[in-house]
Every structure is written in structure tokens, then in C-alpha cells.
Amino acid sequence: MSNEPSGFSAPLPWGDGPYSIKRHGTTLTTCESEPTRTPGCIQAHGVLLALRPSDLTILQASENTARFFTDPPEALLGQSISRVIGQDKTVQLNELLSSEPVERSVKHAFSMLAIDGTTALDVSLHTNGGVLILEFEATHRNAEQDGRDYFEIVKAAICHIQAANSLRNFCQRVTEELAKITGIDRTMVYRFHADFH
């Protein structure tokens, strides 16, 4: 498959190398050929770390680590994850990895509460191709909240919806699960007209 859109003869800015919307930008002439599944950067409200699963050494880090952890990415590379999350959370992470299947299956690991002006973060993980991916996302949780794991709640809802055996059953489950998660007392599913208006 060609990496160029039809009728486009100039080479693409990323050529055969890794693509990054941040480095290469977007234009109307190249948008149809952007590899959007591999954007080469992350959204600014979170941090991504790639670890070696055997010893939890940091192999890669998003460029915004200093904003959330005070350490820039180059200071984290080759370090143990305990430098970022502390020893107690490292033990918790190891226990989770030994008890849960996480290959291409995202799992909420824990939350890190805000300390000394840092941002509170929800931490999720999965493995892909033998690399452990930790995603840190800013959260508004605090110590007084009920501690409900919303990631797991949504994951369970998706499993329930996927088990539907008809379109009608699917729509019913979508409305029920949405109402349960949000607390909204009236949810509806609309069907598009045949001409999609």
C-alpha cells in the first residue's frame, strides 16, 4: 500500500520514518495519508512511559515528563520506575503484573494523589510487543472520593454491551449502561434515517 494519497506526487514530510503530528503538522493535501493510529506524540494532559517488564526500567518517556514528575525524559531513561512512582507503588505494579493479563488489555493500576504541588494522576498499563506501557493521566480524584475505579466500570459496561445478540438488545444495553455510569435518568438511542440525516 502506498504511503501517498492519490494524485499527490511530492514526498510526504515523514517519508518512511516515524510520523509525528507535532513534528510534521497536517495539511489538506496530506491528511488522508497520515498514520493516525501511530501519532508519534501524546495529548498534553498525560504522560507515557515505556518500560522493560522484567525489571521495570524506563526505556522511553514522553517529552512532557518534567511537567508532571519534575524530571525531564533524559533523566528518567534507564532508571527504575520507582523513581517516578515510589517503592510502594512499584510493589503494587509488580503484584498487578503477576496476577492480571495485560497484553493489549488496558488495566487501571492505581492513582497517584497530588503531593507538594504535583498533579494527581490515574495510572493505567498494558503491554504491547513485550514492552510495558504506563499511561499517566491527570485526574480530579482526591483522598476524600469514593475510590471507584471508573476505568473498570466502563470496561465492564463495554463487555456487557458487546454481549448483545441483536440490534434492539444492543441499543437497550447502551442506554442502560450509560444511565448507570452517568447517573442520568433518561437516555435514548436514535436511529439515523436511511439517507443518514
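These numbers come from the heavy atoms of this one structure, side chains and all, not from hydrogens, waters or symmetry mates.
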> For the pair Leu167 and Arg191, evaluate side chain to side chain contact (heavy atoms under 4.5 Å, CB included) and give the outcome as yes or no after the intermediate values.
CA-CA 11 Å; Leu167 179 59; Arg191 179 183 295 202; 4.0 Å; yes

> Quick check: do Asn64 and Phe69 have side-chain heavy atoms less than 4.5 Å from each other?
no

> Take Thr187 and Ile184 through the test side chain to side chain contact (heavy atoms under 4.5 Å, CB included) and record every step on the way to the result.
CA-CA 7 Å; Thr187 56; Ile184 296 172; 4.2 Å; yes

> Looking at every heavy atom in both Ala61 and Leu77, which two are closest together, and how far apart are they?
N-CD2, 4.0 Å

> With a 3.5 Å cut-off and no angle check, do the side chains of Thr65 and Asp71 form a donor-acceptor pair?
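Absent: no donor and acceptor within the cut-off.
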
> Please report the closest heavy-atom contact between Ala109 and Leu125, naming both atoms and the distance.
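Here Ala109 and Leu125 meet closest at CB-CD2, 3.5 Å.
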
> Taking the side chain as every heavy atom from C-beta outward, state whether Ile181 and Ile153 have any pair of such atoms under 4.5 Å apart.
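Yes, close enough: below the 4.5 Å cut-off.
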
> Once you round to the nearest 0.5 Å, how far does OG of Ser82 lie from NZ of Lys89?
14.0 Å

> Closest approach of Val47 and Ser62, non-hydrogen atoms and distance?
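Scanning both residues, the minimum pair turns out to be CG1-OG, 3.4 Å.
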
> Distance check, rounded to the nearest 0.5 Å: Ile133 atom CD1 versus Leu49 atom CG?
9.0 Å

> Is Arg173 paired with Glu176 through a side-chain N to carboxylate O contact shorter than 4.0 Å?
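Answer for the salt bridge query: no.
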
> How many angstroms lie between atom CG of Leu97 and atom CG of Leu51, to the nearest 0.5 angstrom?
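Between atom CG of Leu97 and atom CG of Leu51 there are 9.0 Å.
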
> Any side-chain heavy atom of Lys107 within less than 4.5 Å of one from His126?
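No - every pair of side-chain heavy atoms lies 4.5 Å or more apart.
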
> Hey, does Val123 have a side-chain heavy atom less than 4.5 Å from the side chain of Ile85?
no

> Where do Lys155 and Val106 come nearest, in terms of heavy atoms and distance?
NZ-O, 3.1 Å

> Report yes or no: does Ser166 contribute a side-chain atom to a donor-acceptor pair with the main-chain N or O of Asn169 at less than 3.5 Å?
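Yes; at least one donor-acceptor contact below 3.5 Å.
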
> Can you give me the closest heavy-atom contact between Leu134 and Phe136, atom names plus distance?
CB-CE1, 3.7 Å

> So does Phe170 have more than 12 non-hydrogen atoms from other groups sitting under 6.0 Å from CZ?
no

> Find the distance between CG (Leu132) and CD1 (Ile58) and round it off to the nearest 0.5 Å.
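The CD1 atom of Ile58 is 10.5 Å from CG of Leu132, to the nearest 0.5 Å.
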
> Do Asn94 and Leu96 have side chains that approach each other closer than 4.5 Å (heavy atoms only, starting at C-beta)?
no

> Quick one, Val131 and Arg52 - any side-chain contact, counting heavy atoms below 4.5 Å?
no

> For the CD atom on Gln60, are there more than 12 heavy atoms of other groups (residues, nucleotides or ligands in this structure) within a distance under 6.0 Å?
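Not more than 12 within 6.0 Å, no.
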
> Evaluate the side-chain proximity of Val91 to Gln87: yes if any heavy-atom separation is below 4.5 Å, no if none is.
yes

> Looking only at heavy atoms, what is the nearest atom pair of Met112 and Val84, with distance?
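So the minimum-distance heavy-atom pair works out to CE-O, 3.7 Å.
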
> So, Ser99 side chain and Glu95 main chain: donor-acceptor pair closer than 3.5 Å or not?
yes

> Under the criterion side chain to side chain contact (heavy atoms under 4.5 Å, CB included), I'd like the reasoning laid out for Leu56 against Leu93: C-alpha separation, chi angles, the key distance, then a yes or no.
CA-CA 9 Å; Leu56 302 182; Leu93 180 61; 4.0 Å; yes

> Any chain of hydrophobic side-chain contacts (each under 4.5 Å) joining Leu121 to Phe110?
yes

> Measure the spacing between NE2 of His108 and CD of Glu135 and express it to the nearest 0.5 Å.
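It comes to 12.0 Å.
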
> Check Thr90, Leu76, Asp55 against Ile81 for a side chain to side chain contact (heavy atoms under 4.5 Å, CB included) and give me the one that passes.
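For Ile81, the side chain to side chain contact (heavy atoms under 4.5 Å, CB included) check succeeds only for Thr90.
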
